[in-house]
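Heads up: the structure comes next, in structure tokens.
All residue numbers refer to positions in the sequence shown, counting from 1. All ligand and atom numbering here is 1-based and tracks the order in the structure.
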Amino acid sequence: MNGTILITGATAGFGRATAKLFIANGWKVIGTGRRAERLEALKQELGDNFYGSVFDITDEAAMRTALEALPEAFRDIDILVNNAGLALGTGTAPQVPLKDWHTMIDTNVTGLVNITHSILPTLIERRGIIINLASVAANWPYTGGNVYGATKAFLRQFSLGLRSDMHGKGVRVTSIEPGMCETEFTLVRTGGNQAASDNLYKGVNPLTADDIANTIHWIATQPKHININSIEIMPVNQSFAGFQIYRETQ
Ligand code: 8X3
């Protein structure tokens with residue numbers, strides 16, 4: 001047995017792929033999420049080393065209750081993977097309903113700091129690892145990224161700050177910043193528009209959830225004297241396009 005890892009948002013995408021990979025490598029996995037039926041299906045697939053913990057990351061009380069209810073065998077958490085998060089909308093700022101901004105902040109920022117604060121004492125005791133799923137949007141602004149990018153920039157800086165605060169405690173912290181990856185991400189972002197999602201990834205050969213799971217596993221299995229501070233990953237077919245210039249006169 002390698003240890004115990006808690007993965008938020010384990011019902012899909014990066015979280016689900018990471019849960020499967022760590023189970024395959026002999027870890028105990030706590031997968032969290034809102035969708036009980038998906039966690040139950042994962043439990044059926046992954047067996048007794050998987051524990052599904054059903055709660056909404058934006059509900060602080062439910063999160064605390066769920067952590068308190070963890071079975072004894074799953075309480076010694078060595079790694080926290082803060083994966084739960086979302087983007088809503090691709091419109092520019094004036095087009096985005098304020099509630100969408102609030103949902104992203106509540107999930108990507110507030111929910112994430114709440115669970116991190118709750119598990120930190122255990123991670124300090126066990127000289128554990130915190131792995132935060134940020135995004136290239138933390139580093140590279142793009143039109144329509146507005147609050148989504150800002151939440152991910154928070155997450156990158158929170159990771160680096162935590163790393164500083166953990167100085168001398170043996171706790172490691174990493175910010176992973178993935179680019180285009182074909183998961184349910186764009187379906188969620190576009191309100192379920194499968195055609196928009198298919199079009200975005202068409203011909204790109206994007207990252208996959210398994211690519212990110214492999215990265216998380218690589219980070220988790222580095223020797224204890226190594227901290228990966230941040231890692232930015234893009235598919236080869238995604239790169240940078242420079243600044244946009246608006247001309248007031250022709
Ligand atoms: C999202 C990354 O490149 O699809 O986190 O906007 S990208």
Side-chain angles (χ1 to χ4, degrees), residues 7-18 33 57-58 80-93 95-96 100-113 116 130-160 173-216 218-219 228-244:
I7 305 163
T8 66
T11 55
F14 303 161
R16 187 167 191 274
T18 304
I57 193 76
T58 64
L80 168 63
V81 177
N82 278 317
N83 164 69
L86 79 171
L88 289 176
T90 54
T92 60
Q95 301 164 325
V96 185
D100 286 356
W101 280 0
H102 286 169
T103 302
M104 288 188 276
I105 293 167
D106 292 348
T107 310
N108 303 3
V109 176
T110 310
L112 183 142
V113 300
T116 303
I130 301 167
I131 300 174
N132 290 324
L133 266 301
S135 164
V136 292
N139 307 322
W140 306 98
Y142 58 82
T143 307
N146 47 70
V147 166
Y148 173 69
T151 64
K152 294 300 182 174
F154 172 92
L155 187 42
R156 174 185 157 82
Q157 200 61 19
F158 180 53
S159 305
L160 298 174
V173 188
T174 301
S175 167
I176 304 183
E177 293 137 28
M180 282 181 84
C181 183
E182 190 163 10
T183 60
E184 291 177 10
F185 177 81
T186 299
L187 264 187
V188 172
R189 187 172 206 170
T190 59
N193 188 335
Q194 187 65 56
S197 179
D198 293 345
N199 277 337
L200 182 68
Y201 300 117
K202 192 172 159 202
V204 173
N205 198 7
L207 301 174
T208 67
D210 286 339
D211 296 329
I212 302 305
N214 285 329
T215 304
I216 293 171
W218 174 74
I219 291 164
I228 308 298
N229 296 338
S230 62
I231 180 165
E232 187 181 84
I233 314 168
M234 281 177 164
V236 172
N237 289 332
Q238 180 184 29
S239 66
F240 321 105
F243 296 115
Q244 54 185 341

Near [X], which atoms of ligand 1 are under 4.0 Å from a heavy atom of that residue?
X	value
Met180	3 (O), 4 (O)
Val136	2 (C), 3 (O)
Phe185	1 (C), 5 (O)

query = In terms of residue, atom name and distance, what is the protein heavy atom nearest to atom 3 (O) of ligand 1?
reply =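 Checking every protein heavy atom, the shortest distance to atom 3 (O) of ligand 1 gives Gln238 NE2, 2.9 Å.
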
task = Tell me which protein heavy atom sits closest to atom 2 (C) of ligand 1, plus the residue, atom name and distance to 0.1 Å.
result =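 Its nearest protein heavy-atom neighbour is Ser135 OG, 3.6 Å.
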
inquiry  = As a test of understanding, state which of Asn132, Asn229, Thr174, Thr116 forms a side-chain hydrogen bond (donor to acceptor under 3.5 Å, both in side chains) with Ser159.
reply    =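 The passing option is Asn132.
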
key: Sole residue of Asn146, Thr110, Asn108 in side-chain hydrogen bond (donor to acceptor under 3.5 Å, both in side chains) with Thr151   =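 With Thr151 as partner, Asn146, Thr110, Asn108 yield a single side-chain hydrogen bond (donor to acceptor under 3.5 Å, both in side chains), made by Asn108.
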
query = Under a 4.0 Å heavy-atom limit, does Thr186 contact ligand 1 with its side chain, its backbone, both, or neither?
reply =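 Neither; no heavy atom under 4.0 Å.
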
ask   = Applying a strict 4.0 Å limit to heavy atoms, is Ala87 in contact with ligand 1?
value =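 Contact absent.
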
ask   = Closer than 4.0 angstrom: is that true for some heavy atom of Ala137 and an atom of ligand 1?
value =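 Ala137: no contact with ligand 1 (<4.0 Å).
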
message = Looking at Asp106 and Thr58, would you say the former's side chain and the latter's main chain have a donor-acceptor pair under 3.5 Å?
response =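 No.
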
request  = Indicate, with yes or no, if the rings of Tyr148 and Phe185 have centres closer together than 6.0 Å.
outcome  =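 Tyr148 vs Phe185: aromatic centres under 6.0 Å.
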
ask   = Side chains of Pro178 and Leu133: closer than 4.5 Å at any heavy-atom pair?
value =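 The answer is yes, as the side chains (C-beta and beyond) meet within the 4.5 Å cut-off.
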
Smallest separation among heavy atoms of Gly179 and Pro235, with atom names =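 Taking every non-hydrogen atom into account, C-CD, 4.4 Å.
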
inquiry  = So which atom in Leu86 and which in Met104 form the shortest heavy-atom distance, rounded to 0.1 Å?
reply    =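 Taking Leu86 first and Met104 second, the nearest heavy atoms are O-CG, 3.7 Å.
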
ask   = With respect to atom 7 (S) of ligand 1, which of Tyr148, Tyr142, Tyr201 exhibits the smallest heavy-atom separation?
value =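 It is Tyr142 that holds the nearest heavy atom.
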
